[in-house]
Amino acid sequence: MVVPSAASREMAPESLPLGIIPTVDMSAPSGRGELARRLVRACAERGFFKAVNHGVPARAAARLDAAASAFFARPTQAKQAAGPPDPLGYGSRNIGANGDVGELEYLILHADPAAVARKARVIDAEDPSRFSIAVNEYVDAVRRLACRVLDLLGEGLGLRDPTSFSQLISAVDSDSLLRINHYPTSAAALRGPGDRSCTAEDAKSGNSNGGAKGTIGFGEHTDPQILSVLRANDVDGLQVLLPDGRGGGGDEWVQVPADPAAFFINVGDLLQALTNGRLVSIRHRVMASTSRPRLSTIYFAAPPLHARISALPATVSAGTPRRYRPFTWAEYKKAMYAHRLSHNRLDLFHAFGDDDAADDEHS
Ligand SMILES: C=C1C[C@]23C[C@@]1(O)CC[C@H]2[C@@]12CC[C@H](O)[C@@](C)(C(=O)O1)[C@H]2[C@@H]3C(=O)O
Ligand SMILES: O=C(O)CCC(=O)C(=O)O
Ligand SMILES: [Fe+2]
């Protein structure tokens with residue numbers, strides 16, 4: 001386990017070394033070109049970065065947190081009216097439908113305002129529009145941030161159309177989600193009699209319901225979508241797996257120090273496929289805290305279900321043949337829901353020597 005030093009937490013000018021946890025100043029003090037290059041470096045070498053001066057109003061974040069905290073403070077029975085997750089809705093401990101368990105409760109919402117309005121009726125029966133307004137305002141702000149990041153990545157990668165990625169997530173029928181996770185201090189509050197907590201060792205061995213130390217809040221996985229935009233309160237817990245050679249000495253879990261004013265942005269599986277592996281979808285997990293509850297919100301920026309995901313021409317060459325066969329997001333989602341959280345889903349879509357010419361940039 002690597003705990004970054006205070007120096008690596010400080011904001012670095014765009015040209016300085018990345019550091020274990022790259023920090024990117026989205027106000028572009030060194031110019032747009034430098035910002036685009038730094039984002040590409042961070043997403044290619046780490047798969048994630050911490051965004052500061054990101055432009056998301058603190059008021060939008062505070063309003064959403066207040067609405068979420070009010071929901072999680074409700075009696076269990078009232079919360080269950082918004083579940084079970086199908087896969088949208090309220091869930092507790094069970095993650096997905098394949099036996100994964102974590103020490104959390106959560107809400108998964110489709111980011112579309114009509115879907116939010118429908119769910120708001122059971123989430124805040126007293127004043128559904130209060131909940132919808134908080135979610136819609138927040139989603140608008142984080143979608144804008146995600147689009148800015150994707151456009152800069154498109155520029156930095158030299159795409160023929162640098163807006164190719166952001167177009168996918170801003171389509172009216174985009175399948176983006178908002179997930180709000182609540183990790184209570186007393187995990188026992190979520191468990192029934194006889195249930196045990198899930199440890200890092202259990203999660204590794206596929207048995208996510210064991211005992212002992214190092215309790216897993218949310219087991220290791222990659223995010224399947226294009227880009228994930230995460231914000232959490234001041235409670236640590238998020239860890240990322242730095243692949244061999246990047247942290248020095250083998251794969252290593254790195255603790256990401258909490259910063260409620262920042263966003264933590266990671267590459268999803270689809271962006272790895274669209275860039276032919278140039279940008280990497282990083283494995284991450286959350287360890288449960290024993291002292292204070294953690295509240296986190298993640299916007300998963302996704303394309304429409306029918307979108308065809310195929311490596312963009314700028315990322316395919318004779319020396320770098322296509323790594324994944326083209327697929328639709330609907331096809332990928334089907335595979336993802338059929339597997340455990342920790343499964344390497346992109347492996348299911350390997351091209352195996354198929355080095356056809358790349359498709360058009362608009363998939
Ligand atoms: C075990 C599962 C939960 C998950 C769907 C899956 O079958 C595999 C991917 C999981 C994940 C991880 C990132 C997001 O939190 C999530 C909403 C997603 O899109 O993929 C979850 C899914 C879920 O909790 O439904
Ligand atoms: O709750 C968190 O901080 C991250 C959880 C996560 O990775 C996810 O929901 O996909
Ligand atoms: Fe995740």
Side-chain angles (χ1 to χ4, degrees), residues 47-48 50 65 68 72 83-111 169 174-184 187 198 203 206 208-209 215-241 253 255-260 262-272 280-289 292-303 305 329-330 332-348:
F48 85 108
K50 169 175 165 173
D65 288 0
F72 289 122
D86 60 357
L88 306 177
Y90 172 76
S92 174
R93 296 203 80 225
N94 295 316
I95 301 172
N98 304 306
D100 289 287
V101 176
E103 300 300 334
L104 83 163
E105 55 179 343
Y106 58 85
L107 263 178
I108 306 180
L109 304 166
H110 197 281
I169 71 156
S174 135
D175 190 39
S176 300
L177 302 178
L178 187 74
R179 175 177 198 132
I180 311 175
N181 291 330
H182 176 235
Y183 303 85
C198 168
S208 35
N209 205 15
T215 304
I216 291 285
F218 199 114
E220 72 171 271
H221 65 284
T222 59
D223 291 341
Q225 294 82 358
I226 292 183
L227 200 73
S228 306
V229 181
L230 179 151
R231 185 183 51 81
N233 65 357
D234 61 348
V235 177
D236 287 343
L238 180 64
Q239 299 184 347
V240 291
L241 188 65
W253 284 105
Q255 189 181 310
V256 180
D259 183 349
F263 279 90
F264 294 92
I265 300 187
N266 65 271
V267 172
D269 297 349
L270 296 192
L271 191 53
Q272 178 166 328
V280 293
S281 181
I282 190 158
R283 289 182 93 72
H284 55 283
R285 68 182 183 185
V286 176
M287 301 306 286
S289 160
R292 280 176 311 129
R294 175 179 165 91
L295 184 71
S296 61
T297 301
I298 311 107
Y299 173 69
F300 298 102
L305 286 171
W329 170 229
Y332 198 77
K333 262 183 100 171
K334 195 172 165 203
M336 127 200 170
Y337 283 121
H339 289 87
R340 298 286 297 255
L341 189 57
S342 63
H343 197 86
N344 190 336
R345 293 168 281 277
L346 267 178
D347 273 357
L348 306 167

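Each ligand, and each atom within it, is numbered from 1 in the order the structure gives.
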Enquirer: Is a side-chain N or O of Arg345 found less than 3.5 angstrom from the main chain of Met336, in a donor-acceptor match?
Expert: no
Enquirer: To the nearest 0.1 Å, how far is atom 3 (O) of ligand 2 from its closest protein heavy atom, and which atom is that?
Expert: Arg294 NH2, 2.6 Å
Enquirer: Below 4.5 Å, heavy atoms only, C-beta onward: do Gln272 and Leu346 meet side chain to side chain?
Expert: yes
Enquirer: So, His110 versus Asp175: side-chain donor-acceptor pair below 3.5 Å or not?
Expert: yes
Enquirer: Any atoms of ligand 2 less than 4.0 Å from a non-hydrogen atom of His284? List them with their elements.
Expert: 7 (O)
Enquirer: Around ligand 1, what residues show up once you keep those with a heavy atom under 4.0 Å from it?
Expert: Ile95, Gly96, Asn98, Asp100, Ile108, Arg179, Phe218, His221, Asp223, Pro224, Gln225, Phe300, Met336, Tyr337, His339, Leu341, Arg345
Enquirer: Specify the protein heavy atom at minimum distance from atom 10 (O) of ligand 2: its residue, its atom name, and the distance to 0.1 Å.
Expert: His221 NE2, 3.0 Å
Enquirer: Which angle, to the nearest 10 degrees, do you find at the Fe ion (ligand 3) between NE2 in His221 and OD1 in Asp223?
Expert: 90°
Enquirer: Please classify the Asp223 to ligand 2 contact at 4.0 Å (heavy-atom distances, strictly less than): side chain, backbone, both or neither.
Expert: side chain
Enquirer: Mind listing the closest non-hydrogen atom pair of Tyr106 and Gly96 along with its distance?
Expert: OH-N, 4.4 Å
Enquirer: Name the closest protein heavy atom to atom 2 (C) of ligand 2, giving the residue it belongs to and the distance to 0.1 Å.
Expert: Ser296 OG, 3.2 Å
Enquirer: A side-chain contact here means heavy atoms from C-beta on lying under 4.5 Å apart; do His284 and Asn266 qualify?
Expert: yes
Enquirer: Would you tell me whether Asp236 and Gln255 have side-chain atoms, one donor and one acceptor, within less than 3.5 Å of each other?
Expert: yes
Enquirer: Is Asp223 close to Phe300 at the side-chain level, that is, under 4.5 Å between some pair of heavy atoms?
Expert: yes
Enquirer: Are Asn233 and Asp65 close enough that a side-chain donor and a side-chain acceptor fall under 3.5 Å?
Expert: no
Enquirer: Should you measure from each heavy atom of Arg179, which atoms of ligand 2 turn up under 4.0 Å away?
Expert: 9 (O)
Enquirer: Is the shortest side-chain N to carboxylate O distance from Arg93 to Glu103 below 4.0 Å?
Expert: yes
Enquirer: If the plane angle is over 60° it's perpendicular, under 30° parallel, otherwise tilted; pick one for His343 and His339.
Expert: tilted
Enquirer: Among protein heavy atoms, which lies nearest atom 5 (C) of ligand 2, and at what distance?
Expert: Asn181 ND2, 3.3 Å
Enquirer: If the cut-off is 4.0 Å to any non-hydrogen atom of Phe300, which atoms of ligand 2 fall inside it?
Expert: 8 (C), 9 (O), 10 (O)
Enquirer: Name the residue from Val286, Leu238, Val101, Asp100 that meets the side-chain contact (heavy atoms from CB on, under 4.5 Å) definition with Phe218.
Expert: Val286
Enquirer: Counting each atom of ligand 2 from 1 as listed, which ones have a heavy atom of Leu230 under 4.0 Å away?
Expert: 2 (C), 3 (O), 4 (C)
Enquirer: May I ask whether Tyr106 places a heavy atom under 4.0 Å from ligand 2?
Expert: no
